[in-house]
Amino acid sequence: MKRYACIFVGCNRCSLKVAQRGAGGKVNILDQAEFPVNFGSRIFADEAVSAQSVSELCRIIEEYLSIAAQSAPEKVDIFISAALRRAINSIYIYERIRDAVKPYTVHLMSDEDELVGFIEGMMLTVPEIVDTQEFKSDSLMVSLKGDSFLLAYLKDGTVCYITRIPLGYRKLTAMTENITERSESFGRLLTEIVTNYIRPVRMHLRKGKIRHIYFSSTDFDGIAKLKNPEFKRRGADEHLWLSKDEVNGMYQGMKDLMPNQLQRKYPFLEESESATVLYTLVFCRALLESISTDSLCMIPSDIGNALAMYQFKQTKFDRLTDWIAESGYASAKEAAARYGVDLRHAEETEYYALRFFDTLKKRYTLVKRERYMLRICAMLAEAGQFIGEEDRAAASEFLINRMEILGLTARERFLCARICAHTADPAYIGIPTDRDLAENEQLTCAQLTAVLKLAEAVDAGRKQKINKLTCSLTEDSFTVRASTSKNTHLEMYDFNSARTCFRQVYGLNPVLTIKMVKI
């Protein structure tokens, strides 16, 4: 593919990007356009977007399709932001757009799609992040959006912690809308608000270890022009390093100016940029002060750029897919540690569960994605003990459903939560009773739960007693052979208790034989 076009409908603007593969793997922007739609104020106030506004949006998209056609792209994608799902009439908006752009396909993104897109866009934009083999220093990846502030913490080469802070442009605007004049106190107020929201995040970071901050913002072009008024973005992978002094200098120059005054002082700023650029600089200052770093890398918050780079940098993207999966596992492990899970027991359970899974997968057509979900479940199965052993099943499900796990869809996370709840429930014996799961999901839930129950039983005493373990299948039995020098009465008891579920799901009789060895 040589040329690609993408139209993205956000809550504040509708944008077009037409990109072309350039020399040396560079992605060049051939054409771009942007139109403010300002749906955000209605969406975040739980109001409907008017039919007139939707009609105007459809007209803009049709016009963008005509502009894109002049460059003869080989593929055109149309994406709608996950934020528009929050509109009362989101289905109406989606259907109107879909009807207006036939035969093109319209993709309504989820929060998880945007999270992965944000990570992938950053990884492809900044070369040193892409090479995860060499780039091992702790870093923060940050995205400031209309509805939230997204933060991902990279530790030892993978994302181990992700959080969404409900403090985007819209909330900041609502909190300060009664202030009709700006002064030094306004800047201090914004800084205090942002610092307050960031403070809980700092407990999850290794003190003094953060070397880099990567900040994704729709104000990239405006801030780049504040640094260099002649700036013009040409490539999809452009980024900008800003020192703490530069950020402070920009902030001092506008801290007491209203948006209309900002446009008079900096005529190169767009109307939408003049309304949000101060908030962006306040976030940047608060991060630099809180994390104690000397600079940050500003990156365009542009789904069109990320999609263009995905189309033209497929090899790097394939590497990123595996990296994102490992980051999802790392974030699950970090969460397990945060909730007091015995990590040695969780790792031992994971090892046994994967051995059982690999033995069963050919006969029962278990797939790679289910194996990945099993790893996540093994790590988080006991997270609910943080709240209490008596309510472990319900507590685990509650906690997992509220975690950000990179690479899992919302539905997969829900399924993992249900698997962990069933694993902790002695009464669950594999009979599908979950009405909120589809038929195929009920089967996956039962299969992975049965494996996880059996794996937990093999390390019931949490002392990693087994030295060696093998598995084998016959027509009607699943045999686990283990050797140890320690007493395994508890493991045998728990294994026998877990047999009913496994037999119900797989139709096999599970057998545990333990050989005692002398040391």
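Residue numbers start at 1 and run along the sequence shown.
The residues E441 and R418 are annotated as not salt-bridged, no charged nitrogen and carboxylate oxygen being separated by less than 4.0 angstrom. Salt-bridge formation is detected for the pair D99/K102: a Lys NZ or Arg NE/NH1/NH2 atom is positioned less than 4.0 Å from an Asp or Glu carboxylate oxygen. The pair D111-R85 does not count as a salt bridge, with every side-chain nitrogen at least 4.0 angstrom from each carboxylate oxygen. Classification of E334 and R338 as a salt-bridged pair fails, no side-chain N sitting under 4.0 Å from a carboxylate O. The existence of a salt bridge linking K227 and E246 is confirmed by a sub-4.0 Å separation between a basic side-chain nitrogen and an acidic carboxylate oxygen. Taking the charged nitrogens against the carboxylate oxygens, R98 and E95 do have a contact shorter than 4.0 Å, which makes a salt bridge.
A donor-acceptor pair shorter than 3.5 Å can be found between the side chains of E350 and Y329. Under the 3.5 Å distance criterion, with hydrogens and angles disregarded, no donor-acceptor pair is assigned to the side chains of H212 and D138. Side-chain contact, Y4 with D77: a donor N or O sits under 3.5 Å from an acceptor N or O. A donor-acceptor pair shorter than 3.5 Å cannot be found between the side chains of Q32 and S15. Side-chain contact check for D31 and S71: no donor-acceptor pair (N or O, by modelled atom type) lies under 3.5 Å.
Residues I223 and L281 form a side-chain contact, since some pair of their non-hydrogen atoms from C-beta on lies under 4.5 Å apart. Put simply, the side chain of I291 reaches to within 4.5 Å of the side chain of I213, judged on heavy atoms. Inter-residue side-chain proximity for L415 and M373 is flagged as met; some heavy-atom pair is nearer than 4.5 Å. The closest side-chain heavy-atom distance from I405 to L380 is below 4.5 Å. Using a 4.5 Å heavy-atom cutoff, the side chains of C445 and H422 are in contact. At a threshold of 4.5 Å between non-hydrogen side-chain atoms, the residues Y214 and V142 do not count as touching. Using a 4.5 Å heavy-atom cutoff, the side chains of S331 and Y161 are not in contact. Counting only heavy atoms from C-beta outward, the side chains of Y266 and L226 approach each other to under 4.5 Å.
R375 places no side-chain N or O within 3.5 Å of a backbone atom of Y351 that could act as its donor or acceptor partner.
S55 pairs by the side-chain hydrogen bond (donor to acceptor under 3.5 Å, both in side chains) definition with R96, not counting sequence neighbours. Listed by chain and number, the residues in a side-chain hydrogen bond (donor to acceptor under 3.5 Å, both in side chains) with T444 are E370 (sequence neighbours excluded).
Between H107 and F79, the ring-plane angle classifies as parallel under the 30° and 60° cut-offs. Ring pair F149/F215 is tilted by interplanar angle, where 30° to 60° counts as tilted.
Here M258 contributes atom CE and L278 contributes atom CG; the two are 10.5 Å apart, rounded to the nearest 0.5 Å.
Annotation: L443, atom CG; neighbour count of heavy atoms from other residues, nucleotides and ligands within 6.0 Å is above 12. With a 6.0 Å radius and a threshold of 12 heavy atoms from other residues, nucleotides or ligands, R211 has its CZ atom at or below the threshold.
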